[in-house]
Amino acid sequence: MNRTEQGIAAYLGEKRLKYFQSVKIGIAGAGGLGSNCAMHLVRSGFKRFVLVDFDKVEESNLNRQCYSLQQLDQYKVNALSENLHSVNPALDLDVRVTKITPDNIRAMFEDCDTVVEAFDDAKLKRTVVETFLPTEKLIVAASGIGGAGNADAIITRKVRDNFYMVGDMETECSKDHPPFSPKVAIAAAKQADVVLSYYITKFETEGGLK
């Protein structure tokens with residue numbers, strides 16, 4: 001273990017950390033939700049990721065996304081890889097500068113145990129859920145994270161055993177309800193918390209602590 005992993009193991013224990021490091025997580029979109037969620041998951045001990053996005057970092061992203069001024073004009077997944085590696089250089093990252101479509105999404109995340117939906121596009125959100133809901137993958141999606149105030153309305157809903165939704169379920173990002181860092185970051189943290197809690201429970205259920 002490197003020094004970061006030693007620090008994380010102080011909270012998780014070595015056995016649980018090793019288990020988390022075997023889990024492969026797909027991050028579908030590297031914007032406000034995806035970039036922040038991925039960082040939380042790395043700090044929680046997860047190590048294997050598939051990062052997929054085709055956008056570059058723009059000035060308008062810096063109000064809520066996990067990037068710096070120096071990373072403007074870089075592809076988001078490349079910049080995110082750099083930021084995640086700065087926390088744990090031993091990560092196993094599959095970085096793909098690709099636009100996700102209904103035709104390629106299954107292949108993109110086929111070998112992932114979990115898929116975090118982090119899109120702005122409502123159609124792609126549905127595509128993630130419809131594609132992977134019949135599988136055994138854990139799906140964590142978001143809906144309703146726009147604007148400011150009433151942050152307590154952002155909740156986590158368990159829809160199925162393998163499907164969770166995070167958000168207030170109604171306040172989509174728009175001109176009247178722009179995406180701001182506080183609520184976006186809360187939703188991203190809650191998405192990461194679903195993944196963390198799910199695998200803590202799975203580890204304990206499978207007798208990992210024995």
Side-chain angles (χ1 to χ4, degrees), residues 2-5 7-8 20-21 23-101 104-105 108-109 112 114-122 124-125 128 140-143 145-148 151 154 166-167 172-175 177-196:
N2 60 31
R3 294 180 68 181
T4 296
E5 292 168 340
I8 295 171
F20 283 8
Q21 291 180 334
V23 175
K24 194 167 191 177
I25 300 173
I27 305 290
L33 289 172
S35 64
N36 286 296
C37 182
M39 183 61 79
H40 285 304
L41 290 172
V42 166
R43 295 186 189 278
S44 298
F46 295 93
K47 189 172 186 176
R48 303 176 66 211
F49 294 87
V50 177
L51 309 175
V52 187
D53 199 303
F54 71 101
D55 281 338
K56 292 184 176 181
V57 180
E58 301 176 354
E59 290 86 349
S60 61
N61 302 147
L62 299 182
N63 83 319
R64 67 195 184 281
Q65 299 183 18
C66 192
Y67 303 111
S68 67
L69 187 63
Q70 291 72 28
Q71 293 176 317
L72 288 175
D73 300 321
Q74 292 184 31
Y75 284 108
K76 288 182 179 179
V77 288
N78 292 337
L80 181 56
S81 174
E82 177 183 312
N83 294 342
L84 298 179
H85 272 122
S86 72
V87 175
N88 184 357
L91 297 176
D92 177 4
L93 302 183
D94 181 351
V95 177
R96 305 183 184 187
V97 181
T98 306
K99 183 173 184 178
I100 296 174
T101 69
N104 68 16
I105 190 168
M108 285 286 168
F109 303 108
C112 292
T114 289
V115 179
V116 175
E117 178 277 304
F119 292 127
D120 297 326
D121 188 293
L124 284 177
K125 287 177 178 289
V128 171
V140 188
S143 178
I145 59 172
I154 297 179
V166 171
E172 298 299 331
C173 296
S174 65
K175 183 178 179 181
H177 302 285
F180 292 125
S181 186
K183 289 182 75 172
V184 171
I186 289 169
K190 282 180 171 285
Q191 285 186 302
D193 186 61
V194 169
V195 178
L196 176 61

Side-chain touch [X]/[Y], heavy atoms, less than 4.5 angstrom:
{"X": "Tyr67", "Y": "Leu72", "value": "no"}
{"X": "Asp53", "Y": "Ile27", "value": "no"}
{"X": "Met39", "Y": "Asn83", "value": "yes"}
{"X": "Val52", "Y": "Phe109", "value": "yes"}
{"X": "Phe20", "Y": "Ile8", "value": "no"}
{"X": "Val166", "Y": "Ile154", "value": "yes"}

Indicate the atoms forming the closest heavy-atom contact of [X] with [Y], along with that distance.
{"X": "Ile145", "Y": "Cys173", "result": "CG1-SG, 4.0 Å"}
{"X": "Val97", "Y": "Phe54", "result": "CG1-CA, 4.2 Å"}
{"X": "Val116", "Y": "Gln191", "result": "CG1-NE2, 3.8 Å"}
{"X": "Gly34", "Y": "Ala118", "result": "N-CB, 3.4 Å"}
{"X": "Pro179", "Y": "Asn63", "result": "O-ND2, 2.9 Å"}
{"X": "Cys37", "Y": "Ala192", "result": "SG-N, 3.7 Å"}

Between the main-chain N or O of [Y] and the side-chain N or O of [X], is there a donor-acceptor pair closer than 3.5 Å?
{"X": "Lys76", "Y": "Val57", "result": "no"}
{"X": "Asn36", "Y": "Gly32", "result": "yes"}
{"X": "Gln21", "Y": "Lys47", "result": "no"}
{"X": "Lys183", "Y": "Gly147", "result": "no"}
{"X": "Gln65", "Y": "Ser60", "result": "no"}
{"X": "Asn78", "Y": "Tyr75", "result": "no"}
{"X": "Glu117", "Y": "Ala142", "result": "yes"}

To the nearest 0.5 Å, what is the distance between [atom1] on [X] and [atom2] on [Y]?
{"X": "Ile100", "Y": "Met108", "atom1": "CD1", "atom2": "CE", "answer": "6.5 Å"}
{"X": "Ser68", "Y": "Gln74", "atom1": "OG", "atom2": "CD", "answer": "7.5 Å"}
{"X": "Leu41", "Y": "Leu91", "atom1": "CG", "atom2": "CG", "answer": "11.0 Å"}
{"X": "Lys24", "Y": "Phe49", "atom1": "NZ", "atom2": "CZ", "answer": "11.5 Å"}
{"X": "Leu62", "Y": "Ser181", "atom1": "CG", "atom2": "OG", "answer": "11.0 Å"}
{"X": "Thr98", "Y": "Leu51", "atom1": "OG1", "atom2": "CG", "answer": "11.5 Å"}

Run the salt bridge (charged side-chain N to carboxylate O under 4.0 Å, His left out) test against Asp92 and tell me which residues pass, sequence neighbours left out.
Arg48
Asp94: salt bridge (charged side-chain N to carboxylate O under 4.0 Å, His left out) partners, not counting sequence neighbours
Arg96
Among residues at least two apart in sequence or on other chains, which ones pass side-chain hydrogen bond (donor to acceptor under 3.5 Å, both in side chains) with [X]?
{"X": "Thr114", "result": "Tyr199"}
{"X": "Thr4", "result": "none"}
{"X": "Ser44", "result": "none"}
{"X": "Asn88", "result": "Asn2, Glu5"}

Any chance CG of Asp120 has more than 12 other-residue heavy atoms, nucleotides or ligands included, within less than 6.0 Å?
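No, the 6.0 Å shell around CG holds no more than 12 heavy atoms from other groups.
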